[in-house]
Enquirer: 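Got a structure for you, questions after.
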Amino acid sequence: MSQEIWINLPVKDVERSTAFFNEIGFHAVSVGNERAKLAIGQTTILLFPDAAFEKFTGSKTADTSHSAEVIFSIGAESREEVDAFIQKVEFAGGSIFGKPSEIDGWMYGAGFADLDGHRWNLLYMDENKMPKR
């Protein structure tokens, strides 16, 4: 069995979402007329219009204005990377639901929602301060 995973994400406007993700530093490219491919490290996320997503899932998309269906967590190399990334998100039109802050004395992170309300977080973990078991 192949170990590749593709995440399929419904969006209202594929072109606008592609531009947003490129603006915040991810690599997104259009694939055909109705989808885009977003690469983050070794992970591939395919952006589909809501209607296409609903057709092949047989289900309505989640209303992200009232609920969260998933949160995508991305590792950062430093606190500064978290801060700079969140500034890019704000500039590109995303919304911040968790301002950059320290968590438990060894993690530093922030949370944001993309243009469609999907939730993401960026997290730096300082291994030198990580609790020992």
Side-chain angles (χ1 to χ4, degrees):
M1 175 191 297
S2 174
Q3 297 301 307
E4 291 183 70
I5 295 175
W6 299 288
I7 298 166
N8 299 302
L9 193 63
V11 297
K12 304 224 177 320
D13 184 326
V14 172
E15 189 174 308
R16 190 168 167 243
S17 291
T18 301
F20 170 80
F21 286 114
N22 279 319
E23 197 170 334
I24 65 173
F26 295 155
H27 179 70
V29 294
S30 294
V31 179
N33 293 334
E34 291 198 352
R35 72 188 116 186
K37 179 181 176 182
L38 173 61
I40 304 170
Q42 299 297 313
T43 303
T44 299
I45 298 176
L46 300 173
L47 307 178
F48 287 93
D50 285 341
F53 185 85
E54 289 175 353
K55 183 177 179 182
F56 64 74
T57 62
S59 182
K60 298 288 271 173
T61 58
D63 180 353
T64 57
S65 67
H66 299 312
S67 60
E69 77 279 38
V70 68
I71 188 165
F72 299 98
S73 297
I74 303 167
E77 297 289 324
S78 67
R79 288 171 167 255
E80 294 78 20
E81 183 180 5
V82 170
D83 293 339
F85 190 86
I86 290 301
Q87 286 180 338
K88 286 182 193 177
V89 168
E90 285 184 301
F91 183 76
S95 60
I96 309 306
F97 66 81
K99 298 233 183 253
S101 63
E102 188 170 290
I103 306 143
D104 295 334
W106 60 279
M107 293 182 283
Y108 185 79
F112 72 94
D114 64 26
L115 301 179
D116 291 281
H118 303 294
R119 295 190 172 255
W120 302 75
N121 71 2
L122 196 65
L123 186 64
Y124 166 66
M125 293 181 269
D126 187 338
E127 293 183 15
N128 294 321
K129 295 180 180 178
M130 191 179 289
K132 306 286 188 244
R133 288 186 147 187

Enquirer: Not counting sequence neighbours, which residues clear side chain to side chain contact (heavy atoms under 4.5 Å, CB included) with Glu15? List them please.
Expert: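 Once residues adjacent in sequence are excluded, the partners of Glu15 under the side chain to side chain contact (heavy atoms under 4.5 Å, CB included) criterion are Asp13.
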Enquirer: Would the number of heavy atoms belonging to other residues, nucleotides or ligands and lying under 6.0 Å from CZ of Phe56 be above 12?
Expert: yes
Enquirer: Applying side chain to side chain contact (heavy atoms under 4.5 Å, CB included) between Leu9 and each of Ile45, Thr61, Leu38, report the one that passes.
Expert: Ile45
Enquirer: Could you grab the distance from atom CZ of Phe112 to atom OG of Ser95, nearest 0.5 Å is fine?
Expert: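 Rounded to the nearest 0.5 Å, the CZ-OG separation comes out at 9.5 Å.
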Enquirer: Show your reasoning for whether side-chain contact (heavy atoms from CB on, under 4.5 Å) applies to Ile40 and Phe21.
Expert: CA-CA 10 Å; Ile40 304 170; Phe21 286 114; over 6 Å; no
Enquirer: Measure the CE-NZ distance between Met107 and Lys129 for me, rounded to the nearest 0.5 Å.
Expert: 12.5 Å
Enquirer: Tell me which one of Phe72, Phe85, Phe20 satisfies ring pair (Phe, Tyr, Trp, His ring centres under 6.0 Å) with Phe26.
Expert: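 Of all the options given, the one that passes is Phe85.
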Enquirer: If we check side chain to side chain contact (heavy atoms under 4.5 Å, CB included) with Leu47, which of these qualifies: Asn8, Ile7, Thr18?
Expert: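 Among the candidates, only Thr18 passes.
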Enquirer: On a heavy-atom basis, which atom in Ala52 and which in Glu34 lie closest, and how many Å separate them?
Expert: CB-OE1, 4.4 Å
Enquirer: Going hydrophobic residue to hydrophobic residue with side-chain gaps under 4.5 angstrom, can you get from Ile71 over to Val11?
Expert: no
Enquirer: Measuring from atom NZ of Lys60 to atom CD of Glu54, what distance do you get when rounded to the nearest 0.5 angstrom?
Expert: 4.5 Å
Enquirer: If you take all heavy atoms of Ile86 and Ala110, which pair is closest and at what distance?
Expert: CG1-CB, 3.4 Å
Enquirer: Are Ile24 and Ile74 grouped together when hydrophobic residues (ILVMFWY) are joined by side-chain heavy atoms under 4.5 angstrom apart?
Expert: yes
Enquirer: Are Val70 and Phe53 joined in one hydrophobic group, where the rule is that I, L, V, M, F, W and Y side chains link up if heavy atoms are under 4.5 Å apart?
Expert: no
Enquirer: Under the side-chain contact (heavy atoms from CB on, under 4.5 Å) criterion, do Trp106 and Met125 qualify, and how do the steps go?
Expert: CA-CA 6 Å; Trp106 60 279; Met125 293 181 269; 3.8 Å; yes
Enquirer: Of the non-hydrogen atoms in Val14 and Arg35, which two are nearest, and what is the gap between them?
Expert: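 Answer, listing the atom of Val14 first, then Arg35: CG1-C, 3.7 Å.
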Enquirer: Ile96 and Glu90: side-chain contact (heavy atoms from CB on, under 4.5 Å), yes or no, with the steps?
Expert: CA-CA 7 Å; Ile96 309 306; Glu90 285 184 301; 3.4 Å; yes
Enquirer: Which salt bridge (Lys or Arg N to Asp or Glu O under 4.0 Å) pairs, counting each pair once, include a residue from residues 72-82, with sequence neighbours left out?
Expert: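 Qualifying pairs: Arg79-Glu102.
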Enquirer: Is it true that a side-chain atom of Asp126 and a backbone atom of Asn128 form a donor plus acceptor pair closer than 3.5 Å?
Expert: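 At least one qualifying donor-acceptor pair exists.
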Enquirer: According to a hydrophobic-cluster definition based on side-chain heavy atoms being under 4.5 Å apart (Ile, Leu, Val, Met, Phe, Trp, Tyr only), do Phe97 and Ile103 belong together?
Expert: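 Result: no, two separate clusters.
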Enquirer: For residues 110-124, pull every pair meeting side-chain hydrogen bond (donor to acceptor under 3.5 Å, both in side chains), keeping only residues two or more places apart or in separate chains.
Expert: Ser17-Asp116, Glu69-His118, Ser73-Asn121, Asp114-Trp120
